[in-house]
Number of protein chains: 2
Amino acid sequence: MNFSIAEENYIKAIWRLQQSDSNVTTNELSAELQTKPASVTDMLKRLKEKKILNYEPYYGVKLNTDGKKIALGIIRRHRLWEYFLVEKLKFEWDAVHVIAEELEHVSSPELIERLDHFLGFPKADPHGDPIPDSSGRMETTRHISLHQLKEQQPAVVSGVNDQSSGLPEILRQKKISIGTKVEIKQRFLFDGSLEIKIRNQPLITLSEQLAKNIFVTPL
Amino acid sequence: MNFSIAEENYIKAIWRLQQSDSNVTTNELSAELQTKPASVTDMLKRLKEKKILNYEPYYGVKLNTDGKKIALGIIRRHRLWEYFLVEKLKFEWDAVHVIAEELEHVSSPELIERLDHFLGFPKADPHGDPIPDSSGRMETTRHISLHQLKEQQPAVVSGVNDQSSGLPEILRQKKISIGTKVEIKQRFLFDGSLEIKIRNQPLITLSEQLAKNIFVTPL
DNA sequence: TTATTTTTTTAGATTTGTCTAAATTATAAT
DNA sequence: ATTATAATTTAGACAAATCTAAAAAAATAA
Ligand SMILES: [Mn+2]
Ligand SMILES: [Mn+2]
Ligand SMILES: [Mn+2]
Ligand SMILES: [Mn+2]
């Protein structure tokens, strides 16, 4: 089956929301996609027709097996393009999400397989998010935000928020990137800021805002 | 101003038809775009509203200065992507046109400038068609089809039809590619076939059909 | 349990891009 | 100069994707 750009954006949004909350509501989707709830209802009815999700009026929606596979195909395209934009075209990684939102809808399977090969079959995109393989399999990363990390618990930076602009600049200055080993030494309740220890570096301070945009995997 | 995918496809089609025939008709466009003449009329009225072309009901259409600039932007994107697909992803050049038809509509100027840089500022796409620069300037190639070339007139292959599938295979077998020096030794009126001389090679035979899909610049 | 608030759906309208069938205009033929 | 043919436009319809305003249902509070 073939999906329009609008349909693909809905499918991807449902998939994303479904990760944290298995049942996705109309209002959640409307917020995620910047549309009105009435438009969401219309689209859900159309996608139900196409048999890729279970939609129960008033009770929310959930992608079925086919729907999930389609979503992972779109996510694969999105993340491969993001990797291309950063690794080959030398974009900063806070600029690529918007462009990949468009590129992900180019629908040639052969294009994506060749792109994957050209890029050397990357496992993760520039934000640390795993790239599904051509059959839709993807490693489930179990990472939490640095803000949620316990004190004195060593962890490695495994991801960053893909939407926030200006993040690369501040992380470069703080000498933090994906793969950096970190540990929270002190947390201030006053403003949520953190004192962080990085190997061979003096203690550095991170704001709550910043810590919420960095994701880590505890060791 | 911003243009939809449908609008961009019309603009590009008008530009192409306008090259051989300054005044473009509704039926020509309808054939080129595989739509009905009535749909063309509707779109021409919309594009006239946007002031990128001169459209006189019953008398055809012509892009104005703004329209031509927009067209060249789309053509630039199309041809840069084609170059990328062949040079980097190793597609055969008969497969790339369809994919570039989609990629050309991704609308980030920064993306295209970086892609151009990444590719080393190529001057022509895989079919020998010139790539406009970022301000829309493009060398005007004056090439004719090999079928139209005069006998005994040396010429160099400067382009191939970008739409015909199977062309790379036969040209590889005949040892013809862009840059090859050719000369027609004999033309058979019976079937329009040609006897061609290529440097250091025995005479080869080309069908009329094939000769019409190869473009040359007389020396 | 009833009333209030919030969420969601329905009804009806709009824009874009397409179509078919009919009417109109231009062009070619007699 | 009519008439016939071909090209083009208009009229009216439709699907996709969106919206606003109103109605309905569900969740929450009193
Ligand atoms: Mn998108
Ligand atoms: Mn990403
Ligand atoms: Mn196109
Ligand atoms: Mn081309």
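Throughout, a chain's letter reflects where its sequence line sits, starting with A, and its residues are numbered from 1. Only heavy atoms go into these numbers, but all of them, side chains included; no hydrogens, no water, no symmetry mates.
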With a 4.0 Å limit, can you tell me whether A:N27 has a side-chain N or O closer than that to the phosphate oxygens OP1/OP2 of C:dT8?
yes
OP1 or OP2 of C:dT9 under 4.0 Å from side-chain N/O of A:K45
no
With sequence neighbours excluded, tell me which residues meet salt bridge (charged side-chain N to carboxylate O under 4.0 Å, His left out) with B:R114.
B:E110
Over 60° means perpendicular and under 30° means parallel, so classify the ring planes of A:W81 and B:F84, tilted if in between.
tilted
When the side chains of residues 35-49 of chain A are checked against the rest of the protein, which donor-acceptor pairs come out under 3.5 Å, sequence neighbours left out?
from  : atom 1 : to    : atom 2 : distance (Å)
A:T41 : OG1    : A:P37 : O      : 3.3
A:K48 : NZ     : A:Y55 : O      : 2.9

Here the ring pair (Phe, Tyr, Trp, His ring centres under 6.0 Å) pairs for residues 96-123 of chain A, sequence neighbours left out, are A:H78-A:H97, A:H117-A:F121
Take a 6.0 Å sphere around [atom1] of [X] and say whether it holds more than 12 heavy atoms from other residues, nucleotides or ligands.
X: B:Q163; atom1: CD; answer: yes
X: B:Q153; atom1: CD; answer: yes
X: A:Q209; atom1: CD; answer: no

From A:I14 CD1 over to A:L53 CG, what is the distance, rounded to the nearest 0.5 angstrom?
5.0 Å
Could you grab the distance from atom CG of A:L115 to atom CG of A:L119, nearest 0.5 Å is fine?
4.5 Å
When the C1' atoms of the five terminal pairs at each end define the local axes, what inter-axis angle does the helix from C:dT1-D:dA30 to C:dT30-D:dA1 show, to 10 degrees?
10°
Reference residue A:D116; test salt bridge (Lys or Arg N to Asp or Glu O under 4.0 Å); the match among A:R77, A:R76, A:K123
A:R76
Sugar-phosphate, base or nothing in reach of A:T26, heavy atoms under 4.0 Å
sugar-phosphate
Rounding to an integer number of Å, can you tell me how far B:Y55 OH sits from C:dT25 C1'?
12 Å
Between C:dT25 atom C1' and B:Y59 atom OH, what is the distance in whole Å?
8 Å
Is A:E8 paired with A:K12 through a side-chain N to carboxylate O contact shorter than 4.0 Å?
no
Protein within reach of the bases, or only the backbone? For nucleotides 14-21 of chain C, mark each nucleotide 5' to 3' as B, S or -, using heavy atoms under 4.0 Å.
---BBBB-
Tell me, please, the opening and closing nucleotides of DNA chain D, 5' to 3', among those with an atom under 4.0 angstrom from a non-hydrogen atom of chain B.
D:dA7 to D:dT10
